[in-house]
Amino acid sequence: MKINPEIKKAIEEGKPVVALESTIISHGMPYPKNVECALAVEKVIRENGAIPATIGIIDGEPIIGMSPDEIELFGKRKGVAKVSRRDLPIIVATKKWGATTVSATMILAEKAGIEFFVTGGIGGAHRKANETFDVSADLDELGKTNVTVICAGPKAILDLNLTMEYLETKGVPVIAYHSDYLPAFFTPTSDIKVDYNAQSAKEIAEIVKAKREYNLNGSVLVCDPVPEEYALDKDYINHEIDKAIQEMEEQGIKGKDETPFLLSKIVSLTNGKSLETNIKLILNNAKLGAEIASEYSKIKG
Ligand code: PSU
Ligand code: MN
(Lines give C-alpha, C1' and ligand atoms only; values in the text may rest on other atoms or scores of the structure.)
(Ligands and ions follow the chains in the order given, each with its own letter.)
Protein backbone atom coordinates (compact mmCIF):
# COMPACT_ATOMS: atom_id res chain seq x y z
CA MET A 1 0.00 0.00 0.00
CA LYS A 2 1.40 3.41 -0.96
CA ILE A 3 0.48 6.31 1.30
CA ASN A 4 1.09 9.78 -0.11
CA PRO A 5 3.68 11.52 2.17
CA GLU A 6 1.46 14.52 2.95
CA ILE A 7 -1.29 12.18 4.11
CA LYS A 8 1.08 9.95 6.04
CA LYS A 9 2.38 12.93 7.97
CA ALA A 10 -1.13 14.24 8.66
CA ILE A 11 -2.25 10.84 9.99
CA GLU A 12 0.79 10.61 12.26
CA GLU A 13 0.14 14.11 13.60
CA GLY A 14 -3.57 13.44 14.15
CA LYS A 15 -4.63 16.07 11.63
CA PRO A 16 -7.99 15.71 9.87
CA VAL A 17 -7.88 13.48 6.78
CA VAL A 18 -10.86 12.47 4.63
CA ALA A 19 -10.82 9.41 2.36
CA LEU A 20 -12.58 9.37 -1.02
CA GLU A 21 -13.51 6.43 -3.22
CA SER A 22 -12.69 5.81 -6.89
CA THR A 23 -15.61 3.68 -8.16
CA ILE A 24 -17.55 6.89 -8.28
CA ILE A 25 -14.87 8.16 -10.71
CA SER A 26 -14.63 5.14 -13.00
CA HIS A 27 -18.10 3.59 -12.75
CA GLY A 28 -20.29 6.32 -11.27
CA MET A 29 -19.91 9.22 -13.70
CA PRO A 30 -18.86 9.81 -17.32
CA TYR A 31 -15.51 11.39 -18.31
CA PRO A 32 -14.58 14.27 -17.99
CA LYS A 33 -17.18 15.24 -15.35
CA ASN A 34 -15.93 12.41 -13.14
CA VAL A 35 -12.42 13.89 -12.98
CA GLU A 36 -13.69 17.46 -12.56
CA CYS A 37 -15.90 16.28 -9.72
CA ALA A 38 -13.14 14.27 -8.00
CA LEU A 39 -10.79 17.28 -8.06
CA ALA A 40 -13.52 19.70 -6.93
CA VAL A 41 -14.36 17.42 -3.99
CA GLU A 42 -10.70 17.41 -2.94
CA LYS A 43 -10.68 21.20 -3.11
CA VAL A 44 -13.76 21.54 -0.89
CA ILE A 45 -12.18 19.22 1.67
CA ARG A 46 -9.05 21.36 1.79
CA GLU A 47 -11.07 24.58 2.01
CA ASN A 48 -12.80 23.13 5.06
CA GLY A 49 -9.64 22.28 6.92
CA ALA A 50 -8.93 18.63 6.08
CA ILE A 51 -6.65 16.72 3.72
CA PRO A 52 -8.27 14.60 0.98
CA ALA A 53 -7.09 11.06 0.27
CA THR A 54 -8.57 9.60 -2.89
CA ILE A 55 -8.07 5.83 -2.83
CA GLY A 56 -7.62 3.55 -5.84
CA ILE A 57 -5.51 0.62 -7.03
CA ILE A 58 -2.84 1.03 -9.73
CA ASP A 59 -1.03 -2.07 -11.05
CA GLY A 60 -2.18 -3.99 -7.98
CA GLU A 61 -0.95 -1.41 -5.50
CA PRO A 62 -3.51 0.44 -3.37
CA ILE A 63 -2.79 4.17 -3.42
CA ILE A 64 -3.89 6.24 -0.44
CA GLY A 65 -4.02 9.74 -1.84
CA MET A 66 -3.89 9.65 -5.64
CA SER A 67 -2.29 12.64 -7.38
CA PRO A 68 -4.35 14.81 -9.77
CA ASP A 69 -2.54 13.06 -12.67
CA GLU A 70 -3.49 9.65 -11.31
CA ILE A 71 -7.10 10.78 -10.90
CA GLU A 72 -7.09 11.95 -14.52
CA LEU A 73 -5.65 8.62 -15.72
CA PHE A 74 -8.20 6.77 -13.66
CA GLY A 75 -11.11 8.78 -14.99
CA LYS A 76 -10.10 8.23 -18.64
CA ARG A 77 -9.09 4.62 -18.50
CA LYS A 78 -11.40 1.91 -19.81
CA GLY A 79 -11.69 -1.47 -18.13
CA VAL A 80 -10.71 -0.52 -14.59
CA ALA A 81 -12.18 -3.22 -12.32
CA LYS A 82 -14.84 -2.34 -9.77
CA VAL A 83 -13.38 -3.59 -6.50
CA SER A 84 -15.30 -4.48 -3.38
CA ARG A 85 -14.00 -6.63 -0.48
CA ARG A 86 -14.39 -9.81 -2.56
CA ASP A 87 -12.30 -8.50 -5.46
CA LEU A 88 -9.46 -6.88 -3.52
CA PRO A 89 -7.07 -9.88 -3.24
CA ILE A 90 -7.53 -10.81 -6.90
CA ILE A 91 -6.79 -7.30 -8.18
CA VAL A 92 -3.73 -6.97 -5.92
CA ALA A 93 -2.31 -10.38 -6.83
CA THR A 94 -2.89 -9.99 -10.57
CA LYS A 95 -1.52 -6.41 -10.50
CA LYS A 96 -4.55 -4.81 -12.13
CA TRP A 97 -6.09 -1.36 -11.88
CA GLY A 98 -9.02 -1.24 -9.51
CA ALA A 99 -11.60 1.34 -8.53
CA THR A 100 -12.56 0.96 -4.91
CA THR A 101 -16.23 0.87 -3.89
CA VAL A 102 -17.42 1.98 -0.49
CA SER A 103 -16.51 -1.41 1.00
CA ALA A 104 -12.95 -1.59 -0.39
CA THR A 105 -12.30 2.09 0.34
CA MET A 106 -13.33 1.53 3.96
CA ILE A 107 -10.95 -1.42 4.27
CA LEU A 108 -8.00 0.54 2.87
CA ALA A 109 -8.83 3.72 4.80
CA GLU A 110 -8.93 1.76 8.05
CA LYS A 111 -5.58 0.12 7.27
CA ALA A 112 -4.09 3.56 6.64
CA GLY A 113 -5.56 4.94 9.88
CA ILE A 114 -8.15 7.26 8.31
CA GLU A 115 -11.41 7.59 10.27
CA PHE A 116 -13.55 9.61 7.84
CA PHE A 117 -14.71 8.83 4.32
CA VAL A 118 -16.92 10.98 2.07
CA THR A 119 -18.89 9.60 -0.85
CA GLY A 120 -22.09 10.26 -2.80
CA GLY A 121 -24.30 7.31 -2.09
CA ILE A 122 -23.75 3.91 -0.53
CA GLY A 123 -24.80 0.57 -1.95
CA GLY A 124 -27.65 -1.19 -0.17
CA ALA A 125 -30.30 -3.86 -0.37
CA HIS A 126 -31.69 -3.82 -3.89
CA ARG A 127 -35.39 -4.03 -4.58
CA LYS A 128 -36.52 -7.68 -4.28
CA ALA A 129 -33.34 -8.42 -2.29
CA ASN A 130 -35.45 -10.78 -0.19
CA GLU A 131 -35.63 -13.04 -3.30
CA THR A 132 -32.35 -12.24 -5.07
CA PHE A 133 -30.02 -11.77 -2.05
CA ASP A 134 -28.63 -8.69 -3.84
CA VAL A 135 -27.34 -6.83 -0.83
CA SER A 136 -24.28 -4.63 -1.41
CA ALA A 137 -21.05 -5.65 0.32
CA ASP A 138 -21.05 -2.02 1.53
CA LEU A 139 -23.61 -2.87 4.20
CA ASP A 140 -21.58 -5.66 5.80
CA GLU A 141 -18.50 -3.47 5.67
CA LEU A 142 -20.38 -0.71 7.48
CA GLY A 143 -21.14 -3.30 10.13
CA LYS A 144 -17.54 -4.19 10.87
CA THR A 145 -14.95 -1.71 9.63
CA ASN A 146 -14.03 1.29 11.73
CA VAL A 147 -14.55 4.15 9.29
CA THR A 148 -17.24 6.82 9.49
CA VAL A 149 -19.01 7.28 6.15
CA ILE A 150 -20.60 10.56 5.08
CA CYS A 151 -23.06 10.25 2.17
CA ALA A 152 -26.36 11.63 0.85
CA GLY A 153 -28.22 8.44 1.77
CA PRO A 154 -28.93 5.36 -0.31
CA LYS A 155 -30.41 5.95 -3.77
CA ALA A 156 -33.95 5.06 -4.61
CA ILE A 157 -32.61 2.41 -7.04
CA LEU A 158 -32.47 0.42 -3.77
CA ASP A 159 -35.08 -0.71 -1.28
CA LEU A 160 -34.55 1.86 1.47
CA ASN A 161 -36.59 -0.02 4.08
CA LEU A 162 -34.65 -3.27 3.57
CA THR A 163 -31.40 -1.28 3.62
CA MET A 164 -32.29 0.29 6.97
CA GLU A 165 -33.34 -3.07 8.45
CA TYR A 166 -30.02 -4.57 7.40
CA LEU A 167 -28.07 -1.68 8.91
CA GLU A 168 -29.95 -2.12 12.16
CA THR A 169 -29.08 -5.83 12.21
CA LYS A 170 -25.41 -4.97 11.65
CA GLY A 171 -25.45 -2.37 14.42
CA VAL A 172 -24.80 0.68 12.26
CA PRO A 173 -26.15 3.95 13.68
CA VAL A 174 -27.73 6.05 10.93
CA ILE A 175 -27.57 9.78 11.54
CA ALA A 176 -29.14 12.47 9.38
CA TYR A 177 -27.82 16.02 9.42
CA HIS A 178 -30.61 18.46 10.35
CA SER A 179 -33.35 15.92 9.57
CA ASP A 180 -35.46 13.27 11.30
CA TYR A 181 -35.70 11.29 8.06
CA LEU A 182 -33.36 9.30 5.86
CA PRO A 183 -32.14 11.35 2.89
CA ALA A 184 -32.62 9.49 -0.41
CA PHE A 185 -29.73 10.80 -2.50
CA PHE A 186 -31.44 12.76 -5.32
CA THR A 187 -34.12 13.90 -2.88
CA PRO A 188 -33.45 15.34 0.58
CA THR A 189 -35.84 13.09 2.40
CA SER A 190 -37.78 9.83 2.53
CA ASP A 191 -40.48 8.76 4.96
CA ILE A 192 -38.10 6.55 6.95
CA LYS A 193 -36.96 7.78 10.37
CA VAL A 194 -33.26 7.77 11.20
CA ASP A 195 -31.71 6.97 14.58
CA TYR A 196 -30.62 10.51 15.27
CA ASN A 197 -31.02 14.03 13.89
CA ALA A 198 -27.64 15.76 14.39
CA GLN A 199 -27.41 19.53 14.59
CA SER A 200 -23.66 20.02 14.25
CA ALA A 201 -20.43 18.45 13.05
CA LYS A 202 -19.19 18.50 16.65
CA GLU A 203 -22.13 16.42 17.81
CA ILE A 204 -21.38 13.82 15.14
CA ALA A 205 -17.68 13.78 16.10
CA GLU A 206 -18.73 13.03 19.68
CA ILE A 207 -20.87 10.09 18.56
CA VAL A 208 -17.93 8.69 16.59
CA LYS A 209 -15.68 9.13 19.63
CA ALA A 210 -18.15 7.27 21.87
CA LYS A 211 -18.44 4.45 19.35
CA ARG A 212 -14.65 4.06 19.21
CA GLU A 213 -14.21 4.29 22.99
CA TYR A 214 -16.68 1.46 23.46
CA ASN A 215 -15.02 -0.62 20.73
CA LEU A 216 -18.32 -1.01 18.90
CA ASN A 217 -16.80 -2.08 15.61
CA GLY A 218 -18.15 -0.63 12.41
CA SER A 219 -19.25 2.60 10.89
CA VAL A 220 -21.35 5.53 11.87
CA LEU A 221 -23.38 6.33 8.74
CA VAL A 222 -23.88 10.06 8.37
CA CYS A 223 -26.47 11.10 5.79
CA ASP A 224 -26.42 14.69 4.63
CA PRO A 225 -29.50 15.69 2.62
CA VAL A 226 -28.90 17.14 -0.84
CA PRO A 227 -29.54 20.91 -0.63
CA GLU A 228 -33.12 21.70 -1.73
CA GLU A 229 -31.98 23.91 -4.63
CA TYR A 230 -30.14 21.00 -6.28
CA ALA A 231 -32.63 18.24 -5.48
CA LEU A 232 -34.68 16.50 -8.15
CA ASP A 233 -38.45 16.15 -7.99
CA LYS A 234 -39.23 12.89 -6.21
CA ASP A 235 -41.93 11.61 -8.59
CA TYR A 236 -39.90 12.57 -11.63
CA ILE A 237 -36.69 10.82 -10.54
CA ASN A 238 -38.48 7.75 -9.21
CA HIS A 239 -40.25 7.37 -12.53
CA GLU A 240 -36.90 7.51 -14.38
CA ILE A 241 -35.40 5.04 -11.91
CA ASP A 242 -38.27 2.62 -12.58
CA LYS A 243 -37.60 2.88 -16.30
CA ALA A 244 -33.87 2.23 -15.77
CA ILE A 245 -34.58 -0.83 -13.61
CA GLN A 246 -36.99 -2.20 -16.21
CA GLU A 247 -34.37 -1.81 -18.92
CA MET A 248 -31.75 -3.48 -16.73
CA GLU A 249 -34.05 -6.48 -16.25
CA GLU A 250 -34.81 -6.67 -19.99
CA GLN A 251 -31.09 -6.65 -20.80
CA GLY A 252 -30.40 -9.30 -18.16
CA ILE A 253 -27.80 -7.19 -16.34
CA LYS A 254 -26.86 -8.72 -13.00
CA GLY A 255 -24.48 -8.62 -10.04
CA LYS A 256 -21.82 -5.95 -9.79
CA ASP A 257 -22.83 -4.46 -13.16
CA GLU A 258 -26.27 -3.45 -11.90
CA THR A 259 -25.35 -0.28 -10.01
CA PRO A 260 -23.04 1.17 -12.72
CA PHE A 261 -25.67 0.40 -15.37
CA LEU A 262 -28.43 2.11 -13.40
CA LEU A 263 -26.28 5.16 -12.61
CA SER A 264 -25.38 5.76 -16.25
CA LYS A 265 -28.89 4.97 -17.53
CA ILE A 266 -30.37 7.50 -15.12
CA VAL A 267 -27.90 10.15 -16.35
CA SER A 268 -29.07 9.63 -19.93
CA LEU A 269 -32.77 9.40 -19.05
CA THR A 270 -32.57 12.72 -17.20
CA ASN A 271 -30.42 14.41 -19.88
CA GLY A 272 -27.63 14.87 -17.38
CA LYS A 273 -29.76 16.43 -14.64
CA SER A 274 -29.07 13.55 -12.26
CA LEU A 275 -25.34 14.00 -12.84
CA GLU A 276 -25.49 17.66 -11.84
CA THR A 277 -27.37 16.75 -8.67
CA ASN A 278 -24.90 13.95 -7.99
CA ILE A 279 -21.94 16.35 -8.20
CA LYS A 280 -23.59 19.00 -6.01
CA LEU A 281 -24.47 16.54 -3.28
CA ILE A 282 -20.95 15.14 -3.11
CA LEU A 283 -19.52 18.63 -2.73
CA ASN A 284 -22.03 19.20 0.05
CA ASN A 285 -20.99 15.95 1.75
CA ALA A 286 -17.33 16.91 1.40
CA LYS A 287 -17.87 20.08 3.41
CA LEU A 288 -19.62 18.25 6.24
CA GLY A 289 -17.08 15.41 6.19
CA ALA A 290 -14.16 17.84 6.51
CA GLU A 291 -15.92 19.65 9.35
CA ILE A 292 -16.57 16.43 11.27
CA ALA A 293 -12.96 15.27 10.74
CA SER A 294 -11.72 18.64 12.04
CA GLU A 295 -13.93 18.49 15.14
CA TYR A 296 -12.89 14.92 15.78
CA SER A 297 -9.20 15.73 15.64
CA LYS A 298 -9.77 18.32 18.41
CA ILE A 299 -11.59 15.99 20.81
CA LYS A 300 -10.19 12.54 20.21
CA GLY A 301 -7.36 12.92 22.72
N1 PSU B 1 -24.24 4.64 -5.25
C2 PSU B 1 -24.14 5.84 -5.86
N3 PSU B 1 -23.02 6.13 -6.59
C4 PSU B 1 -22.00 5.23 -6.71
C5 PSU B 1 -22.11 3.97 -6.03
C6 PSU B 1 -23.24 3.73 -5.32
O7 PSU B 1 -25.03 6.65 -5.75
O8 PSU B 1 -21.00 5.52 -7.40
C9 PSU B 1 -20.97 3.00 -6.09
C10 PSU B 1 -20.17 3.03 -4.78
O11 PSU B 1 -18.80 2.81 -5.06
C12 PSU B 1 -20.74 1.83 -4.02
C13 PSU B 1 -21.00 0.87 -5.15
O14 PSU B 1 -19.86 1.30 -3.06
O15 PSU B 1 -21.49 1.67 -6.20
C16 PSU B 1 -21.99 -0.19 -4.76
O17 PSU B 1 -22.07 -1.17 -5.76
P18 PSU B 1 -22.96 -2.48 -5.51
O19 PSU B 1 -24.39 -2.00 -5.52
O20 PSU B 1 -22.64 -3.36 -6.68
O21 PSU B 1 -22.54 -3.07 -4.22
MN1 MN C 1 -25.02 -6.26 -5.77
Side-chain angles (χ1 to χ4, degrees), residues 7 10-21 41 44-53 102 105-122 138-154 163-164 166-183 188-190 192-227 281-301:
I7 292 162
I11 295 167
E12 281 163 8
E13 292 173 355
K15 295 215 175 101
V17 177
V18 173
L20 299 159
E21 62 154 305
V41 170
V44 169
I45 287 174
R46 283 193 193 275
E47 284 165 359
N48 288 278
I51 295 166
V102 168
T105 307
M106 288 179 74
I107 294 168
L108 296 171
E110 187 188 48
K111 270 198 196 308
I114 302 172
E115 171 63 59
F116 295 95
F117 163 26
V118 163
T119 187
I122 56 159
D138 292 353
L139 297 188
D140 271 55
E141 211 60 57
L142 290 163
K144 63 187 171 206
T145 298
N146 296 334
V147 172
T148 298
V149 177
I150 296 98
C151 68
T163 300
M164 286 295 275
Y166 202 90
L167 289 169
E168 181 185 2
T169 303
K170 296 288 167 178
V172 180
V174 180
I175 296 173
Y177 190 54
H178 294 295
S179 177
D180 290 328
Y181 295 93
L182 182 70
T189 191
S190 65
I192 303 168
K193 284 240 166 139
V194 289
D195 304 316
Y196 190 65
N197 172 350
Q199 298 301 310
S200 69
K202 182 159 183 280
E203 211 183 343
I204 299 170
E206 277 160 2
I207 292 167
V208 173
K209 183 168 180 251
K211 177 146 179 161
R212 298 295 169 244
E213 279 172 1
Y214 280 78
N215 293 320
L216 302 167
N217 282 344
S219 189
V220 172
L221 184 64
V222 179
C223 300
D224 191 7
V226 59
L281 65 82
I282 300 173
L283 296 174
N284 185 57
N285 296 341
K287 177 169 187 288
L288 180 62
E291 287 169 1
I292 301 168
S294 301
E295 291 295 339
Y296 187 74
S297 71
K298 289 184 215 156
I299 62 171
K300 91 170 171 258

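These numbers come from the heavy atoms of this one structure, side chains and all, not from hydrogens, waters or symmetry mates.
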Can you tell me how far the [atom1] atom of [X] sits from the [atom2] atom of [Y], to the nearest 0.5 Å?
X      : Y      : atom1 : atom2 : value
Asn146 : Ile114 : CG    : CD1   : 14.0 Å
Leu288 : Ile204 : CG    : CD1   : 5.0 Å
Leu142 : Tyr166 : CG    : OH    : 10.5 Å
Phe116 : Ser294 : CZ    : OG    : 9.0 Å
Ile192 : Thr163 : CD1   : OG1   : 8.0 Å

What I'd like to find out is whether the side chain of [X] reaches to under 4.5 Å of the side chain of [Y], using heavy atoms alone.
X      : Y      : answer
Pro16  : Asn48  : no
Thr148 : Ile292 : no
Cys151 : Cys223 : yes
Tyr177 : Ile150 : no

Identify the heavy atoms of Ala10 and Ile51 that sit nearest to each other, and give their distance.
CB-CD1, 3.5 Å
If you compare all heavy atoms of Lys170 against all heavy atoms of Leu139, which two are closest, and at what distance to 0.1 Å?
CG-O, 4.2 Å
Could you walk me through whether Glu141 and Val102 pass side-chain contact (heavy atoms from CB on, under 4.5 Å), step by step?
CA-CA 8 Å; Glu141 211 60 57; Val102 168; over 6 Å; no
Expected output: side-chain [X] to main-chain [Y] donor-acceptor under 3.5 Å:
X      : Y      : answer
Asp195 : Val174 : yes
Glu110 : Val147 : no
Thr189 : Tyr181 : no
Asp224 : Ala152 : no

Val194/Ser179 under side-chain contact (heavy atoms from CB on, under 4.5 Å): CA gap, chis, key distance, verdict
CA-CA 8 Å; Val194 289; Ser179 177; over 6 Å; no
Evaluate Thr119 against Glu21 for side-chain hydrogen bond (donor to acceptor under 3.5 Å, both in side chains), listing each step before the verdict.
CA-CA 7 Å; Thr119 187; Glu21 62 154 305; 2.4 Å; yes
If you draw a 6.0 Å radius around NZ in Lys202, do more than 12 non-hydrogen atoms from other residues or ligands fall strictly inside?
no
Residues 287-301 vs salt bridge (Lys or Arg N to Asp or Glu O under 4.0 Å), sequence neighbours excluded, gives Lys287-Glu291, Glu295-Lys298
